[in-house]
Amino acid sequence: MKKFLLAFAFLAFFFTFPANAAAESVKNFSARYELPESGIISVTETVDYDFGSLYRHGIYRYIPYEYTLDNGEKVYINISKIDVTDDIGSSVLYEKSTSYGNVVLKIGDPDRTISGKHTYVISYQVKGGLRYYESGDEFYWNVNGTGWNVPVEGVSATVTFPKSVSESEVRMACFTGTYGATDKCASSNISGNVVTFGDSGLLAKEGLSIDVGFPKGTFEVVSAGFMGSGISSTVIGLLVLVAFAIPAFVFIYMLRHWWKHGRDPKGRGTIIAEYSPPDGMTPIEVGTMLDNRVDNKDISAEIIYLATKGYLKIRKEEKKFLSGQDYTLIKLKELKGGTPFDQTLFSGIFGAGNEVKMSSLKDDFYTHVFSIKTSVHDKLVTDGYFKSKVSTTIGKYIGIGVAFGIVGSGLAGLTGIFTSGVTAFIFIPSFIVSTLIIMGFGIAMPARTEKGVLAKEKVLGLREYMKVAESDRIKFHNAPEKTPKKFEELLPYAMALSVEKEWAKQFEGIYKGTPGWYDDPSGRMFVPIVFVNNMNSFASSVTSNMVAPPSSSSSGFSGGGGFSGGGFGGGGGGSW
């Protein structure tokens, strides 16, 4: 029996030894707090850490600088003048960063591993760490914090306060355990102007909090500065003024720049009714002349234009249950000559065959859209309507705006490293707004020539002619007779100019036959306004199946964290 018990004891020790040897813990966490009358707190934390038989680079220590009170208010402390040494005062390598309201210290050498017991002495200065009430001043601090993922075998705190305060005027209390625990700590004592607290045997996620009260006015009122940055409200005010001044200056500069370089020359100033597009322009050109952009509706209007010219036929397919409306485009003859953008449009549609369902173009046609838009802009410049290519001009200012925003935000973020992120918080929105201002003016920068202004006025005159009611038509002189041919001829232009419904209403009772370039198998009676609605449905189908690129799924990530306790300080740590 004795041999059996000895063997069992040996096996038990053998199997538990590696686990015990490998176990990590904080052997002792001792903190000293110097509280001078200036109210600026000096903190020294000595962490005796035992890595056991594990090999690690060092420890990390995080301390919150942002706290949320019970009423939801956010308050901050400022942590500065950080230094880390070993037990003999030699400097220890560390990296400082901020994350989710915490100052994070990653202590140790990434190129070297250690094991066993090591001591780290962390010192820093705190502004805003005292509370000021009518009943008195208070130092309420979480010593080690409840964020340690290893046991803390011993923890102690020493608070030194001004000698002008007598022992009888000091109130003190301490608590230990997990967050929210109200258990009293094992020891607390006051002697002269020094208060000490201590406890032992804390498990992971358990901490010591101390609360020391003093007579009102013991300490000067010290602010942590804006968001715990340590920067005074006066400096913050100046930074905010500068941040507001940047987009204001950019706006004024861009306004003057547009006034000198982006305005159109003066035209006739009077819009006169026009009965045909200027200079034989196609619908896509007319739409672009109006607003400087090749819109999706301009592209769909151009397809209808090619249909009215006999190059293709549009067939409306029967709508299937729970599916969108589809159309088939049928090539009737080759497009010989024509503009470069019509050639690209036509070949993009019928590259796969002479009869193409629009839904089958969804994954391919969108690749031609940029070329189509570029060709339209090129032709308008070549024909003398614009001083420079619209897309190039807009692209230039978008590029300038983006570069300005990236460089400015980068500088704000870089200086934010030294200002606890304050300059980034204040200036990055300023640069974003400035970027949007530059880009906004960039859209308005493409300027027309005198010929272009006259053409735009003629486009407006054409739109005016197509949208007016019959009762107002007497104002027009020599207006052409309203015929089915005239309806079809100008319908694509009416769609490009967004007056197709007004144009259709003028042909009620006049146009009764379905156009030869459009096929509707439903056999419904032809009504111009219904036909126009079908054309709008066709235009929507063009946008979704031809112009818009295929959709792709994306996923996002968001996270959060932080700690708020009964007092300031706290946080936690572990090894890495």
Side-chain angles (χ1 to χ4, degrees), residues 25-36 39-50 59-65 67 77-87 89 92 94 102-105 107 117-131 138-148 150-161 170 172-177 179 181 184-202 204-214 219 563 565-574:
S25 68
V26 176
K27 288 298 182 181
N28 187 60
F29 187 107
S30 61
R32 300 195 314 272
Y33 305 98
E34 301 286 340
L35 274 58
I40 300 175
I41 305 167
S42 295
V43 181
T44 303
E45 299 174 347
T46 301
V47 183
D48 296 324
Y49 201 94
D50 187 357
I59 67 170
Y60 64 88
R61 171 81 169 110
Y62 69 88
I63 310 164
Y65 66 85
Y67 303 83
I77 64 173
N78 170 249
I79 299 174
S80 63
K81 298 185 178 180
I82 299 172
D83 188 35
V84 181
T85 65
D86 58 17
D87 54 343
V92 176
Y94 75 95
N102 297 283
V103 171
V104 182
L105 305 178
I107 304 170
K117 298 178 182 179
H118 291 266
T119 297
Y120 302 93
V121 181
I122 307 168
S123 61
Y124 53 93
Q125 191 177 85
V126 176
K127 293 180 181 179
L130 293 168
R131 295 178 176 179
E138 181 184 57
F139 177 62
Y140 192 1
W141 199 264
N142 304 307
V143 179
N144 59 309
T146 56
W148 286 90
V150 296
V152 179
E153 297 181 17
V155 58
S156 61
T158 301
V159 181
T160 303
F161 52 88
V170 176
M172 59 184 187
C174 63
F175 310 94
T176 189
Y179 175 76
K184 303 295 184 182
C185 65
S187 65
S188 61
N189 183 61
I190 183 170
S191 176
N193 65 326
V194 178
V195 182
T196 57
F197 304 91
D199 211 326
S200 61
L202 276 64
K205 306 300 181 183
E206 291 186 338
L208 173 68
S209 294
I210 61 176
D211 188 359
V212 187
F214 305 94
F219 305 101
F563 166 80
F568 295 132

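We number each residue from 1, following the sequence as shown. Remember, predicted model here, so these are calculated numbers, not experimental data.
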Can you tell which of D86, D83, I122 makes a side chain to side chain contact (heavy atoms under 4.5 Å, CB included) with V92?
-> D86

So which of V47, L202, V26 actually passes side chain to side chain contact (heavy atoms under 4.5 Å, CB included) with N144?
-> L202

Nearest heavy atoms of [X] and [Y], plus distance in Å:
{"X": "F197", "Y": "C174", "answer": "CD2-CB, 3.6 Å"}
{"X": "V143", "Y": "A157", "answer": "CG2-CB, 3.9 Å"}
{"X": "N142", "Y": "S209", "answer": "OD1-OG, 2.5 Å"}
{"X": "Y140", "Y": "I210", "answer": "CD1-O, 3.2 Å"}
{"X": "C185", "Y": "L208", "answer": "CB-CD1, 3.6 Å"}
{"X": "S123", "Y": "T44", "answer": "CB-OG1, 4.1 Å"}

Gap between atom [atom2] of [Y] and atom [atom1] of [X] - 0.5 Å precision:
{"X": "T158", "Y": "Y33", "atom1": "OG1", "atom2": "OH", "result": "9.5 Å"}
{"X": "W141", "Y": "I77", "atom1": "CH2", "atom2": "CD1", "result": "4.0 Å"}
{"X": "I79", "Y": "Q125", "atom1": "CD1", "atom2": "CD", "result": "11.5 Å"}
{"X": "I41", "Y": "F139", "atom1": "CD1", "atom2": "CZ", "result": "5.0 Å"}
{"X": "T196", "Y": "M172", "atom1": "OG1", "atom2": "CE", "result": "7.5 Å"}
{"X": "F214", "Y": "F219", "atom1": "CZ", "atom2": "CZ", "result": "4.5 Å"}

Would you confirm whether Y94, through its side chain, and I82, through its main-chain N or O, come within 3.5 Å as a donor-acceptor pair?
-> yes

Between N193 and T160, is there a donor-acceptor pair closer than 3.5 Å when you use the side chain of the first and the backbone of the second?
-> no

State which residues pass side chain to side chain contact (heavy atoms under 4.5 Å, CB included) with S187; sequence neighbours excluded, sorted by chain then number.
-> none

Excluding sequence neighbours, so at least two apart, what forms side chain to side chain contact (heavy atoms under 4.5 Å, CB included) with D48?
-> K27, N28, T46, T119

Can you find a pair of side-chain heavy atoms, one from I63 and one from V43, that are under 4.5 Å apart?
-> no

Report the C-alpha distance between I190 and F161 in whole Å, list the side-chain angles of each, state the deciding distance to 0.1 Å, and finish with yes or no for side chain to side chain contact (heavy atoms under 4.5 Å, CB included).
-> CA-CA 11 Å; I190 183 170; F161 52 88; 4.1 Å; yes

List in chain and number order the residues that pass ring-ring contact (aromatic ring centres under 6.0 Å, His included) with Y124, two or more places apart in sequence or in another chain; answer none if no residue qualifies.
-> none

Anything under 30° is parallel, anything over 60° is perpendicular, the rest tilted; go ahead and classify W148 against Y49.
-> tilted

